[in-house]
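Chain naming here is simple, since letters A, B, ... match the order of the sequence lines and numbering starts at 1 in each. On a predicted model such as this, the values are computed, not experimentally measured, just so you know.
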Amino acid sequence: MLGLSMSITLFFPSWDFRSAESTWVGLDKSLSNGRVIGWSYEDPLVRGDGKPITVILNKDPKTGEEFDPAIRAYVYKPGTPFAAVVNHPDNLGPTVKSLSISKGKIDQAEKSAGAVFIISYADVNGEEWAYVENATATRGWTPSQVLNSTDESQHKYVGKGKTVYITEGCWWCHTLLPEHTQDWQVFGWPPYVGDMNGEMPTAFGSDRKAPDLLHVASRNSSREWMMLHFFNPRLVQPNSIMPRFDYLWGKTDANGNPIDFAKWRKEYDEYRKGLRAYPPEVPEYAPDTEIRALIDWILTSLK
Amino acid sequence: MLLKYLFAKNEDIPPGTATIFFGYSSIFWFVIGTGIGSFNAAKLAFPDFVTGTELFAFGHMRQVHVLAVILGWISMAFAMTMMYMTPALGNTKLWSEKLGLWTAMNWNIGLSLGLFLLWMGFTSGREYSDLIWPIDLVVIFGVLLPLGINVWMTIAHRRTQGIYITNWFFGACIFFVIVVFVVGQSAELFNLTGLTEGYLTFWFAHNVLGLWITPVAAAIAYYTIPKLTGNPLYSHRIGHLHFWAIIAFYSTPASHHLLAAPLPEWLKSFASVEGVLILIPAVAFVANILLTMKGRWSMFVENVEIKFSVTGVLLAIPLNMQGGFQQTRAINWYVHGTGWIVAHAHLALLGMSSFLEIAAVYFGLQQMLRRKLYSLALANFHYWFVIIGFCIYWISMTIAGLIQGAGKIYEVPYIDVVIAEHPYMIARWVGGTMVFTGNLVWLYNMYMTAVEGTVVPKGRYAHELAYER
Amino acid sequence: MGWKFDNPLYTLADEEEVNRMIQLWEAEKPGGMWEGNNRLPYPITYLLALIILTAFLITMPIWGQRPTAELYAPMVELMDSPEVQNMATDEEKIAYLTKRAMEVLETSDDSRLPGLLERHPISWLDLQLIAPAIREIASSGGPYGLESYNVIGDQVVLANFEGNWREDGLRERVQPWWDKGFTIDVFYVTYFIIAMVIVCKRLPPYQRKPDMSKV
């Protein structure tokens, strides 16, 4: 009896899962998240170590040719473990796998040398397919070249940001899975079959006490709003029950000055009591903070 | 005091030592788990309650509550009942008290470590499988496997010819839960990703409930109710139906948790039908137990263990009616992801399952300590605080869930749903705090039982003696 | 372990087996407890049959369905007609269009459509926004028809339902009434019932009540 139930619920569906062809969304998620999010060998302290950097690339780092619109390059510095779709191309689905190997040369990527991946398109039987291209092998881009030819603000710490989403437990209240019927009208379309290939964990969330976030950046793409909202959600939404995430700012602000949280909270309490006309200023975060990575992830990945 | 037996010879350890160790550990974890639950509920009602540090952030505490009650309270209470019911039903002794003690020891240490790490943010990010995989390995090899060996060997060395239903469930469910753990955590061990990971997460979440928490709780009722009432179990053959139906229908509907995800559509159809069929074992179980109560219904009022047990069995009726139907496409689109589901989960774990285990822990500890319960008044206080607190919680969260569902369907701005839910969040906190208070009283009552309870004479049962307080 | 097949609904165990089990029942008291041999009361047996029937009926994919572009196609066709254009308010226009669309859908082969439209009303504003996309899909002659597209807010997107493979190598995007999940269910439940009947009929018949006063 148990054997039968195991075959129906585990063995049969595995054929469907294996045949799932990765979409652009799936490739983007997997390549920007790295091998795995959450506790792992490369990230034993769960601080987002060992993750690639997503670079918004508006010109070719080698030839200087302009990209319009800008493309995304996923930069794996030497030693950073590759995404699950690169390590195990079976995760890509049969067609995307063969394209990524024959045209994208992902089998030539070396962990010790690092690699830069991009998502390219090819025509198969009149249909456009997205596949992974190992730009280090096909175009000769090196990780340091890509990083140095771009501005710091073009570097998006997407993998680290998703790690923050996981460790801070955002997914206990927010979901990444718009539900059936009318829910979609508000939160956008639900993921397609190939949108999750290579993603770990998927963190759909099951208990929603807050809006769905799968397409949140399409509804609100303001970095400033996100910053205020994370520091104290009640600055922008008085009735919110979201916790304050001011501790993600670390000890110092963008200018290297220490952040006086006690003073901020005192002034905020005065503001709430009506003793101040305006709430205190929210400090600008430093570039290497968790909050930066989290906002990067939201604005880059959740479109 | 019990720890001195860890290195003693197995023959020198008095029978029941492992039961007592597990019993007090489970109550302790129940107090911890419900305490954190109450704290979390306060944060949902008042988001600025204890703020500014990540240690007490909701996202760090929520999973600690869930796993403290599932792995700490419920699973340890299961182990405790296995330690005394399995040998009793085989008219024999526990195969190894020493192994039992070490299992309890590993369990407490492993779980404390795992929960501490979770609290600090070391997580795999998979619901119910939050523990990082090294801790999962501790759970499988340090806890479940030794527990299983002890139970299987005790059953193998029984001095009866037949095996009573409770022991079928015990032996089988430990095997299932090990399989479920290994398969569920394989996503982390072997870096399985994407839909496979999402599906395995909920495959685990569903099956750990279906093949561990629900059936073992039912198995406990199969022992406590006939034992305390003195009636024979109504029917052996309905027990067969229950046992096989659990295996057939509770192990299959995992994908009904992900109806909105792009899983294979046939798998969802299959799972939804199986999900309704969970009512078959449920009906068999409830019928069997309630018919066993025939002629002894006065004990529902007079006897505190029966009061807890029968309440748990009665709560299984709304539990399965909700569970069977809320997962169908017809209803799931309305309630999925809302407070309704939270209410349902608490009905299963705090309502049906916990009440059955509380009864068994009360009974088992008195039996093994050979002491009468310290105070009936405190036990009744415990009962009423837990049941009233639970009802407040359940009703308020069900209403909140229906509001959320309506908000979802009528495209109400989400913040208006949050505002509308606020009173119910406060009620949830009040209910949760009552449960926590009741459990604190229970811990005190059980401590006093061990210290000052009247000694039960040899050959008598604790429930045959009159209470003194 | 003898078998007896002359009266399978009574018991499958032979007399020797029945007596052995009754004796076991009467001689043994595991943990001081006894077990009875009663059958499931008749009303509860009927309840179980009802549950199995309900399980199939209630899970039919009717509810919780997404609005498809097909629902609004008749409205898009009529929205530019003079009689609609001459109406004063948007409410009047959409009420008229919904009524006309309902008439069309009621004659359709797919009986789910009128109910779906009832559950997914649309505003005049949204209808204007999705109209171009619906017209394009209807006229483009692509591999998927209107029934394969969902309307999400002001967008028309390909349904994320992925069913069986079609002959042209693409997948079905319309949820069928019946899929292989239900077929597996039928076999699975049948297998369970047969196995359960055998298990129960291997026990002594329920009329044989062990006498538990003996130990």
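If you measure heavy-atom distances from Leu47(C) to chain B, the contacts under 4.5 Å come from the side chain alone. Of the atoms belonging to Leu267(B), not a single heavy atom falls under 4.5 Å from chain C. Heavy atoms closer than 4.5 Å to chain C are found in both the backbone and the side chain of Tyr223(B). There is no contact between Pro43(C) and chain B, counting heavy-atom distances below 4.5 Å. Of the atoms belonging to Thr252(B), it is side-chain heavy atoms, and not backbone ones, that fall under 4.5 Å from chain C. For Leu263(B), no part lies near chain C; criterion is any non-hydrogen pair under 4.5 Å.
In this structure, Ile58(C) and Ala330(B) approach most closely via the heavy-atom pair O-CB, 4.0 Å. Shown here for Pro30(C) and Tyr164(B), the closest heavy-atom pair between the two residues is CG-CB, 4.4 Å. Glu28(C) and Gly162(B) get closest at one heavy-atom pair: OE1-N, 3.2 Å.
When atom types are taken as modelled, the side chain of Asn38(C) and the backbone of Ser235(B) share no donor-acceptor pair closer than 3.5 angstrom. A donor-acceptor pair under 3.5 Å links the side-chain atoms of Arg329(B) to the main chain of Thr59(C), judged by distance alone. For the pair Gln161(B) (side chain) and Leu24(C) (backbone), a donor-acceptor distance under 3.5 Å is absent. Using a distance-only test at 3.5 Å, with no hydrogens or angles considered, no donor-acceptor pair links the side chain of Asn37(C) to the main chain of Arg237(B).
Glu274(B) has its side chain within reach of Tyr188(C): a pair of non-hydrogen atoms, C-beta onward, lies under 4.5 Å apart. Trp266(B) has its side chain out of reach of Phe182(C): every pair of non-hydrogen atoms, C-beta onward, lies at least 4.5 Å apart. Counting heavy atoms from C-beta on, the side chains of Leu241(B) and Leu48(C) come closer than 4.5 Å. Residues Asp185(C) and Ser269(B) form no side-chain contact, since every pair of their non-hydrogen atoms from C-beta on lies 4.5 Å or further apart. Side-chain contact check for Lys29(C) versus Thr160(B): every heavy-atom pair is 4.5 Å or farther apart. Two residues are said to be in side-chain contact when any heavy atoms from C-beta on lie closer than 4.5 Å; Glu35(C) and Pro232(B) fail this criterion.
Chain C forms more heavy-atom pairs under 4.5 Å with one residue of Thr292(B), Leu89(B), Thr166(B), Thr328(B) than with any other, namely Leu89(B). Chain B forms the most heavy-atom pairs under 4.5 Å with one residue out of Pro176(C), Gly32(C), Gly36(C), Pro41(C), and that residue is Gly36(C). Ranking Gly230(B), Ala245(B), Ala248(B) against chain C, the residue ahead of the rest is Ala248(B), based on heavy-atom pairs under 4.5 Å. The candidate with the highest count of non-hydrogen atom pairs below 4.5 Å against chain C, out of Leu279(B), Leu291(B), Leu259(B), is Leu279(B). Each of Asn332(B), Ile280(B), Asn231(B) has some count of heavy-atom pairs under 4.5 Å with chain C, and the biggest count is that of Ile280(B). When each of Leu277(B), Asn288(B), Thr92(B), Asn167(B) is checked for heavy-atom pairs under 4.5 Å with chain C, Leu277(B) comes out on top.
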Go through Ile44(C) and Ile238(B) one step at a time and tell me if the side chain to side chain contact (heavy atoms under 4.5 Å, CB included) criterion holds. CA-CA 11 Å; Ile44(C) 296 184; Ile238(B) 304 180; over 6 Å; no
Mind running side chain to side chain donor-acceptor pair (under 3.5 Å) on Gln175(C) and Glu265(B) for me, showing each step along the way? CA-CA 8 Å; Gln175(C) 188 146 37; Glu265(B) 214 47 43; 2.8 Å; yes
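With rounding to the nearest 0.5 angstrom, the OH atom of Tyr234(B) is 8.5 Å from the CZ atom of Arg39(C).
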